[in-house]
Amino acid sequence: MADLKGWTGNILRVNLSAGSVVKEPLNEEWARQYVGGRGVAARYLSEEVDPEVDPLAPENSLIFATGPLTGTNASCGSRYMVVTKGPLTGAMTTSNSGGMWAPELKFAGYDMIIFEGKSERPVYLWILDDEVELRPAEHLWGKGVFDTEDLLKRETGVPDCRVAAIGPAGENQVLFAAIVNEKFRAAGRSGVGAVMGSKNLKAIAVRGTGAVEVDDPVAMMRAQWAMKQDLTEAPLTSEGLPAYGTLALMNVINEHGALPTNNYQLAQFENAEKISGEELAETRLATNKACFACTIACGRVSRISDEGVGRYAVTTSARNWKHATEGPEYENAWSLGADCGIDDFDAILKSNTLCNDYGMDPISLGATIAAAMELYEKGTISEEQTGLPLGFGNADALVALTEQTAFRRGFGDEIAEGSKRMGEKFGDPDVFMGVKGQEFPAYDPRAIQGMGLGYATSNRGACHLRAYTVSAEIVGIPEPVDPRATEGKAELAIAFQNISTAVDATGLCIFLTFGTSIESIRPILTAATGAAMSDADLVTAGERIWNLERLWNNRAGLTSADDTLPKRMLNEPIPAGPAQGEVNKLGEMLPEYYRARGWSEDGRPLDAKLAELGII
Amino acid sequence: MSDQVLSIDPEKCTGCKQCELACSWIQTGAFQPSKSVIRVHVFDEQASFAPYACFQCDEAWCMQACPVNAIDVDGQTGAKIVLDDVCVGCKLCVIACPFGTIFYDKQADAATKCDLCAGDPACAHACPTGAIEFSSVDPGEWVVDFGVAVNDAYVRAIEGEGS
């Protein structure tokens, strides 16, 4: 791939059934059309995997994809996307992670890894530049992510290697199991870890000493300098996120009356301050931490408080600080906290750390426990079934269930199925707060109308990262929009979806959009790849990827009937707070969304749109 | 000769490695942290990140150890520089350096170290948090004490008295 820089030009195809590893050239045409990461991987998946496949069958593929800017000095060029058919949703899922793993893969000389089939025995993939091999992992099976990483660094004799692994949750095919790299960065959602577990693949350890070359190094440096300047000047990326992390949102969203509490029965949490970014910074923050090349550094390294140590001590590894851990992110502090009515920060930190070690998505875990708590308080399930009192606010139950879920022990076996399947099993499907089988994140769509539309139309089920209209509707970036209005929200959600998808595809972090714009990102991309492209072309590439994902999902059996919200969001007004009386008016927004997308009334991309985007 | 030095404040470092990227870019025009001669070390136990690069010691042991006089002093910056065409790749300098800040480059079969980018270090420009600055600073008593302590320990060690 001499013509296109930024890329290494190589992908690894690993057939786990055959035990084979083949190095092949990256499809350059697809790389040009779909930018990278999420886009190129979606193109490969649509070409190679039957949409109707059982997500946990060997016929499903698991793709790890970087972008052309991953491993360069572009601010926040640390990301990879895991693309597969998700077991939680039955849709194409795209699960993103930062840290140091993805750049290491590029330095080793690979843009993507495609895993096919299923290994007979547990294995891990070892990559040291040109040396690539599948190695036995029986001795790692059953171990947590933290131990797995430490053991692999020791046994490979390469302490600089980076490890992405699953924990017991992935092995036990918990439907929201995650893939975790460097212990605390995760491709968290939709159960990508369960797919990895279904293939008997424990980990990928990689060390790379090579280079990522760019087309025009000087233009690259200038463009990066300009973007770094944007990030230094924007308050959120220069002050808010470094100081408080994503947890800065806890108080903000609560003040807007949009903080879902007790499984979305309320929209404000009276003790939100006790689990806020300000509280963390004051009482527990050791330092902030960056992913590779990140000039924001929103990561949290946190301590358990003295009182909490007795009950919720955390040891991340033999080497690590005795009572320090990383996180929590806002979404996790919400799901494990407010959504379960829990204000015990130490318990949240403990549960969050267990999620990292066991390899589980804390959003779906917390939200499913919250749904179970509602069932328990309604009397639908009893202590006899749950094995422990499960009222809202029970911090001990949260920590106990986190453990049980990863190992599918006791009532954890029900939680491991996610709240949709759990609700259906106990005869109360309306207790599920999410879309397409995936639980909502931390914003009540009744108080923020655009988020409702974003959740409903997200290709990977309810998600805050696919259309983060909160940015405009609450924070005022790029410009303030009334969160209660429905007018214009179709266009707003579409703009956010297309831009976010484009940023994902480059290999950069979506948080860049809080401080800079496509106009600053695009020149970096063109300097890196050398492929001419306008700002509009990049956004159109985002639209192309979105449509391709949608098309595949339609073929997988998803229809417009899946683009909906739970009854509670549509019919039950918020009982109190600034957004009292509001419901989500999805019906007013969705038809307009389909029209503006160029889709049919039943939500299928029309041929004219697909032709315009060059998909057919 | 300039009195400017690389001043590193680990408290400000977030571990992002922009310095390593900038350093490798200056040397190769590409992004290759394995070639960087400034490196960020992560101390898990202290939850701290420490960029480290050559201190440009006055009494540079790398220079003294070199059997072919391949390490010279840049008259402008005071940086100790490796003369590529003289270096034979014997690694004695790597062994001699008490700080681990001179490296052996396998591909070039030669030693490689920080040359302060001829007086305008790229790592200092790239650092987003001001953890690395190129400035004239008073090294302070502790640096002198630290230097003496390290020196004493080294001398004791090679004289066989233990440390």
Side-chain angles (χ1 to χ4, degrees), chain A residues 5-6 69 71-78 100 103-104 106-107 129 160 182-183 207-214 216-218 220-221 224-225 228 231-232 237-238 242 285-299 301-303 316-322 324-326 528, chain B residues 8-52 100 103-110 112 117 120-133:
Chain A
K5 300 287 189 188
L69 294 182
T72 70
N73 73 333
S75 281
C76 314
S78 69
M100 305 279 170
E104 203 69 37
K106 290 277 292 274
F107 297 136
D129 295 328
D160 290 341
E182 291 114 64
K183 300 183 181 175
R207 168 68 179 151
T209 63
V212 172
E213 289 178 19
V214 293
D216 186 340
V218 174
M220 173 89 191
M221 209 43 105
Q224 156 60 12
W225 238 245
K228 198 174 106 181
L231 297 170
T232 310
T237 49
S238 65
L285 189 68
T287 183
N288 63 330
K289 183 177 179 180
C291 292
F292 183 89
C294 174
T295 53
I296 301 172
C298 71
V301 180
S302 320
R303 304 181 188 96
T316 50
S317 84
R319 277 194 65 236
N320 213 329
W321 216 7
K322 203 170 173 191
T325 180
E326 287 188 31
Chain B
I8 294 174
D9 182 353
E11 289 288 309
K12 291 184 183 167
C13 178
T14 61
C16 77
K17 296 179 181 278
Q18 280 283 353
C19 53
E20 296 188 11
L21 290 165
C23 182
S24 65
W25 183 81
I26 285 287
Q27 296 180 63
T28 67
F31 299 106
Q32 190 172 10
S34 68
K35 291 251 187 203
S36 176
V37 292
I38 183 166
R39 297 191 182 176
V40 181
H41 194 88
V42 177
F43 292 95
D44 274 344
E45 285 158 85
Q46 279 76 30
S48 93
F49 314 98
Y52 62 95
F103 306 94
Y104 171 69
D105 182 339
K106 210 168 157 183
Q107 275 170 315
D109 186 28
T112 171
C117 294
D120 191 16
C123 54
H125 285 291
C127 180
T129 62
I132 305 169
E133 286 177 347

### Query
Which answer fits A:V214, side chain, backbone, both or neither, if we ask what part of it has an atom under 4.5 Å from a heavy atom of chain B?
side chain
### B:Q18 vs A:K228, side chain to side chain donor-acceptor pair (under 3.5 Å): CA-CA, chis, key distance, verdict
CA-CA 11 Å; B:Q18 280 283 353; A:K228 198 174 106 181; over 6 Å; no
### Task
For chain B, find which of A:P103, A:C294, A:G208 contributes the most heavy-atom pairs closer than 4.5 angstrom.
A:C294
### Query
So, A:E104 and A:R207, do they make that salt bridge, N to O below 4.0 Å?
yes
### Query
Could you give the distance from CD (B:E11) to SG (B:C13), rounded to the nearest 0.5 Å?
10.5 Å
### A:G299 backbone acceptor or donor facing A:E326 side chain under 3.5 Å
no
### Portion of B:C127 that has a non-hydrogen atom of chain A nearer than 4.5 angstrom
backbone
#### Entry: Structural part of A:F107 lying under 4.5 Å from a heavy atom of chain B
side chain
### Query
Which pair of heavy atoms, one from B:V37 and one from B:Q27, lies closest together, and at what distance?
N-NE2, 4.0 Å
## Note on the structure
With chain A, the option among B:A30, B:S34, B:C16, B:P128 that has the most non-hydrogen atom pairs under 4.5 Å is B:C16
#### Entry: Largest heavy-atom contact set with chain B, pairs under 4.5 Å, which of A:A293, A:P242, A:A297
A:A293
